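Have a look at the structure below before the remarks.
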Amino acid sequence: MVLEVIVALPLAGWLINGLAGGRLPRGVVGAIGCGTVGAACAASVMAAGDPAVAGGGLTATLFTWLSAGEFTVSAGLFMDRLSALMALVVTGVGFLIHVYSIGYMADDPAYARYFAYLNLFVASMLLLVLGGNLLVLFVGWELVGLCSYLLIGFWFDRERAASSGRKAFIVNRIGDAGFLLGILLLATTAGNLQFDRLAAASGGMAPGLLTAATLLLFAGATGKSAQLPLYVWLPDAMEGPTPVSALIHAATMVTAGVYMIARLHPLFLHAGYTLSVVAAVGAVTAFFAATVALVEWDLKRVLAYSTISQLGYMFLAMGVVMMPAGMFHLTTHAFFKALLFLAAGSVMHAMRGVVDMRRLGGLAGPMRWTAAGFAVGGLALAGVPPFAGFFSKDLILEGAFEWAQRGGAMLVWIAGLATAFVTAVYVTRAMMLTFAGPAADPGHPHEAPAVMGLPMAVLAALSFGGGLLGARVAGEPLLRYLEPFFVDSAIGVLKDRPMPAAGVITALPVAVSLAGILAGFALYRDRREVTLGALGRFLSHQWYIETLYDAVIVTPAKRLAHLLADVVETRGIDGAVNGVGALVGRAGLAVRGLQTGFVRNYAAAILAGTILMLGYWLFR
Amino acid sequence: MTPPAVDLRLLVPELVVTATAVAVMLAGLFLPAGRQHLLRWLAAVGTLAALGTTLTAGADPTPAFAGMYVRDALTRVIQATALLAVLLAQWLSGEYVERTGLEAGEYYALMLVAALGAMLMAASSDLIMLFLGLETLSIPLYVLAAFARTDLRSQEAGLKYFLLGAFGTAFFLYGIALLFGATGSTGYRALAEHARTPAVIFQAGLALLTIGLAFKAAVVPFHFWAPDVYEGAPLPATAYMSVIAKVGAFAAFLRVYVVALAAQAGEWSTLLAAISVLTMIVGNVAALRQTSIKRLLAYSSIAHAGFILTGVVAGTPSGASAVAFYLLAYTFMTLGAFAVVLMLHRRGEEADQIADLTGVAWRAPALGGAMALFMVSLAGLPPTAGFLAKFYVFTAALDAGQIGVVVTGVLTSVVSAYYYLRVAYTMFTGQPHEDVGFAGGRWVTAALVTASAGVVVLGIFPGRVISFVQQVGQAMR
């Protein structure tokens with residue numbers, strides 16, 4: 001019962017704010033928006049405390065959704081330890097961001113629409129993480145994509161917001177096509193989409209088939225979680241309101257791909273080399289996105305590339321079979337990246353929407369608390385102990401090193417380490433450009449109101465102390481909590497994890513992070529503009545990846561559509577007939593014109609088709 | 001030789017439809033101009049009665065008329081879909097027909113006769129019966145396309161449809177002649193028997209038959225007529241023909257291929273797979289650049305014909321059930337989308353440009369929400385009818401090993417999301433045109449509500465509908 005309530009609460013918020021929000025006072029709209037998510041959070045805590053969650057999992061079957069012979073799928077919810085963690089992150093961070101939004105969106109005319117969309121998003125995300133089978137997960141997966149599209153294009157009167165929303169949707173659809181094919185493949189081979197059944201069936205499935213299915217599912221993950229090669233939508237998604245960026249494009253939705261792999265890890269473990277692909281994609285994406293973040297001038301886009309990079313870490317963790325560490329990083333990242341986004345939002349709020357760091361600066365004075373929050377988030381992102389990001393990132397790198405020793409590629413670990421360095425540099429740069437030095441803008445920035453400050457304070461505390469969830473000194477409570485979920489997959493990396501061969505392996509990431517911060521200070525002190533020459537150009541064009549897509553995919557696709565719609569379909573065949581439309585008033589002639597059109601064009605097409613078809617049947 | 005038995009009892013649904021058509025036409029003649037709206041009630045009651053008799057009729061395979069006609073589960077499911085389509089289309093048309101001064105009695109009668117044709121095609125177990133059904137379906141549609149007699153575009157559409165339709169029919173008929181020459185019979189059973197050792201003449205006949213059906217279903221490369229005809233015909237007629245022609249044509253595809261020639265699936269599935277792939281690609285890509293909603297939905301209907309065909313390609317009982325489910329979902333979502341367009345007008349004319357929808361959702365949020373729902377469903381996104389429909393046909397095709405078809409289907413669905421969402425998006429952005437006004441009424445609203453409910457129920461609570469359409473597959477096992 002409690003599971004239904006968790007999903008139903010934000011759904012009710014969506015219905016109320018969506019249908020009647022325009023007529024309700026703003027206070028009520030905000031209260032409904034935040035209250036439903038807060039209540040869902042409380043319900044999630046209650047549900048997570050249920051002993052069933054620690055056992056086989058808490059299930060709630062609503063009805064049989066579809067059945068075809070042997071194959072049935074129920075509309076069911078399911079909460080085990082993994083889902084419990086995700087539900088808590090989604091509702092907890094979600095609640096804080098909803099509260100922040102009350103202040104951030106206070107002057108927006110479409111206040112009710114905003115909260116309606118946001119509540120719908122939370123409900124969809126909860127459906128995704130609490131779905132009891134792959135098809136329900138897919139429904140959530142598509143719905144969060146839809147909400148993301150609506151929220152990126154929230155200010156649709158701005159052309160860029162509108163086109164970014166469309167871009168996000170289309171790129172995600174490409175990944176989702178892979179995801180759907182993966183589901184179809186599993187449905188026809190395993191005959192069931194229930195998670196536990198899939199896990200049980202995975203051992204007996206043909207490895208080639210399983211590899212294909214998991215790679216297709218992973219293709220979906222690269223779309224939703226903005227990994228190479230489908231990352232292109234996330235930087236543009238920053239056109240949406242900043243709390244949306246914090247919630248959807250940093251803390252929750254984009255981690256869906258990581259969750260999906262964790263959820264289906266028995267399949268991925270049995271699937272030959274899929275996990276190696278995952279590790280490689282994660283490592284390359286992590287490094288690539290970090291280097292691009294180095295040269296971005298838009299503060300939010302820096303954070304967007306940073307998110308892509310950190311998601312790369314999570315996939316890296318999944319790929320090197322350090323899955324609990326990946327989930328741990330997902331959790332800490334949700335804290336500190338949400339904090340960074342909310343701090344950036346606070347800057348934008350104060351500076352009337354300015355996000356270009358060249359026009360920012362000197363904000364540490366007037367916006368002391370925001371600057372402090374950003375600093376905490378930045379240190380956590382850079383991986384400086386004892387901030388949260390340090391523990392999770394360290395564990396991932398440790399896993400990558402062990403993986404290399406077990407026969408994996410050492411390059412993955414090296415890429416992770418290099419990324420740690422670049423990360424520290426770009427976050428220092430962002431901090432310096434935004435908050436240090438003399439004020440670049442003569443306006444009068446003001447500190448955010450309490451309703452925005454408090455959520456940031458809570459997130460700052462979590463970004464500072466969240467590492468204890470997985471710190472060895474604290475007994476690694478989160479990792480131990482997740483252990484039973486991952487244990488059946490014979491990962492076993494946690495239980496008898498050997499102490500790293502040398503202290504160097506642990507010390508290295510810290511040293512690298514500190515070196516990166518120092519380098520950042522050295523390079524960008526006095527807010528200097530460092531031009532990196534040809535390298536800088538290469539980076540600021542995102543390695544020319546989008547240019548390549550435009551040349552190889554987008555332009556040819558447009559040409560094909562033009563060819564089919566305007567040349568073949570219109571001019572070639574229809575044109576002769578449509579030209580007749582111009583002969584209005586000369587009806588007699590029109591009919592004659594029509595007939596010539598038929599004989600010459602339509603009949604030719606029909607004849608061609610007929611010959612082809614007869615030819616097939618007769619000369620096969 | 002004894003004369004064949006006349007089993008009229010089995011024909012009750014068809015007889016009710018025929019009687020309704022005649023009654024509506026006569027009533028249209030005698031009712032005074034001010035009372036023509038009563039025709040709607042008459043047509044609706046008659047159609048509902050037919051629907052009721054169809055649903056209560058037995059589903060055990062019962063042949064009649066010396067094996068020309070069969071009433072089984074496929075008959076029942078397809079006939080119910082056809083009747084639902086004609087019912088919704090009547091509701092859609094009501095206000096439009098009266099507003100534009102069309103002859104309501106004839107209009108409803110023609111719609112009903114077309115539905116009768118589709119029903120007969122579903123019940124055919126003989127090529128002659130199939131041909132009769134096909135012509136009973138097609139001829140009223142030619143007339144409906146040209147129904148706005150004073151509109152040159154409508155005339156053009158009607159003439160074009162008629163000439164090309166006649167062309168298609170000729171192929172079809174010639175195919176039947178060859179098949180008769182090869183088998184000495186026009187019954188499906190004879191087809192099945194001769195298909196094992198096919199003569200050249202048999203194969204040529206089958207190819208021509210397929211061309212005729214491909215014509216009616218508007219699949220590539222026999223689709224060229226559809227965008228022109230859809231664009232020129234009166235809007236509600238376009239809506240209706242885009243659905244009922246598909247229902248009839250795919251009923252025939254199921255009868256001929258999945259029922260009669262099931263054992264030879266290897267022989268024909270490659271060809272149909274190629275047609276299906278081509279149709280999905282051309283329909284979806286060509287739709288990208290359309291500016292007229294009628295043309296967009298025309299290409300959309302071509303694309304969906306490709307998707308539906310994947311279920312036929314599967315050639316299995318579950319493929320047949322999936323096709324039946326898809327037709328039902330397609331009926332709801334396509335007629336729903338047309339209903340939204342019918343609720344608008346541009347200075348009294350049809351608001352048939354995508355640009356006419358600009359910002360309409362802010363003036364009528366429910367209309368915008370409904371359109372968004374239909375577009376999401378047409379694009380095949382969960383949790384709507386369109387998603388489950390695709391899920392079913394694709395699973396069936398994958399089970400039959402048609403990987404290429406499924407991959408094309410899923411990828412072209414991605415393309416389709418682009419143009420469908422553009423329509424929904426247009427409704428929610430920008431300033432509404434001053435020329436565009438609302439032309440809704442109670443009847444079209446009822447159609448809109450029914451279609452929305454259909455899309456949602458088929459997407460989220462499809463249990464009963466699925467067990468209904470599964471009778472189709474179960475009957476074939």
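So you know, we letter chains A, B, ... as the sequences are listed, proteins then strands, and number each from 1. Every value quoted in this text rests on a predicted model; they were computed, and no experiment measured them.
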Which one, [options], leads in non-hydrogen pairs under 4.5 Å with chain A?
options: B:G463, B:P221, B:P383; value: B:P383
options: B:A214, B:S413, B:A204; value: B:A204
options: B:I466, B:L398, B:L206; value: B:L398
options: B:D399, B:L288, B:N284; value: B:D399
options: B:V465, B:L421, B:L411; value: B:L421
options: B:T395, B:V410, B:I275, B:V406; value: B:V410

Fill in: Parallel, tilted or perpendicular, as decided by the 30° and 60° cut-offs, for the rings of A:Y117 and A:F154
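Taking A:Y117 first and then A:F154, their aromatic rings stand perpendicular (interplane angle over 60°).
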Practice prompt. Could you tell me how the ring of B:F325 sits relative to the ring of B:Y392: parallel (under 30°), tilted (30 to 60°) or perpendicular (over 60°)?
Written response: perpendicular
Could you look at [X] and say if it's the side chain, the backbone, both or neither that has a heavy atom under 4.5 Å from chain B?
X: A:L135; value: side chain
X: A:I174; value: both
X: A:A162; value: both
X: A:L150; value: neither
X: A:F169; value: side chain

Heavy-atom distance under 4.5 Å to chain A: side chain of [X], backbone, both or neither?
X: B:L271; answer: both
X: B:I211; answer: both
X: B:F391; answer: both
X: B:V407; answer: both
X: B:T270; answer: both
X: B:I460; answer: both
X: B:F222; answer: side chain
X: B:L381; answer: side chain

Worksheet item: So B:Y420 and B:S300, side-chain hydrogen bond (donor to acceptor under 3.5 Å, both in side chains) or not? Walk me through it.
Response: CA-CA 9 Å; B:Y420 288 129; B:S300 153; 2.7 Å; yes
Worksheet item: Taking the six-membered ring of A:Y149, is the NZ or CZ of A:R166 close enough (under 6.0 Å from the centre) and on axis enough (within 45°)?
Response: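 Checked: cation-pi criterion not met.
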Practice prompt. Looking only at non-hydrogen atoms, find the nearest pair between A:L143 and B:P382 and report the distance.
Written response: CD2-O, 4.4 Å
Taking [X] for its side chain and [Y] for its backbone only, find out whether a donor-acceptor pair lies under 3.5 Å.
X: B:T412; Y: B:T408; answer: yes
X: B:S467; Y: B:R464; answer: yes
X: B:T384; Y: B:G380; answer: no
X: B:W225; Y: B:F215; answer: yes
X: A:T189; Y: A:L185; answer: yes

Worksheet entry | Any residue meeting salt bridge (Lys or Arg N to Asp or Glu O under 4.0 Å) with B:R153, in chain and number order, not counting sequence neighbours | B:D352
Discussion item. What I want to find out is whether A:E239 reaches A:K167 closely enough, with some N-O distance under 4.0 Å, to be called a salt bridge.
Written reply: no
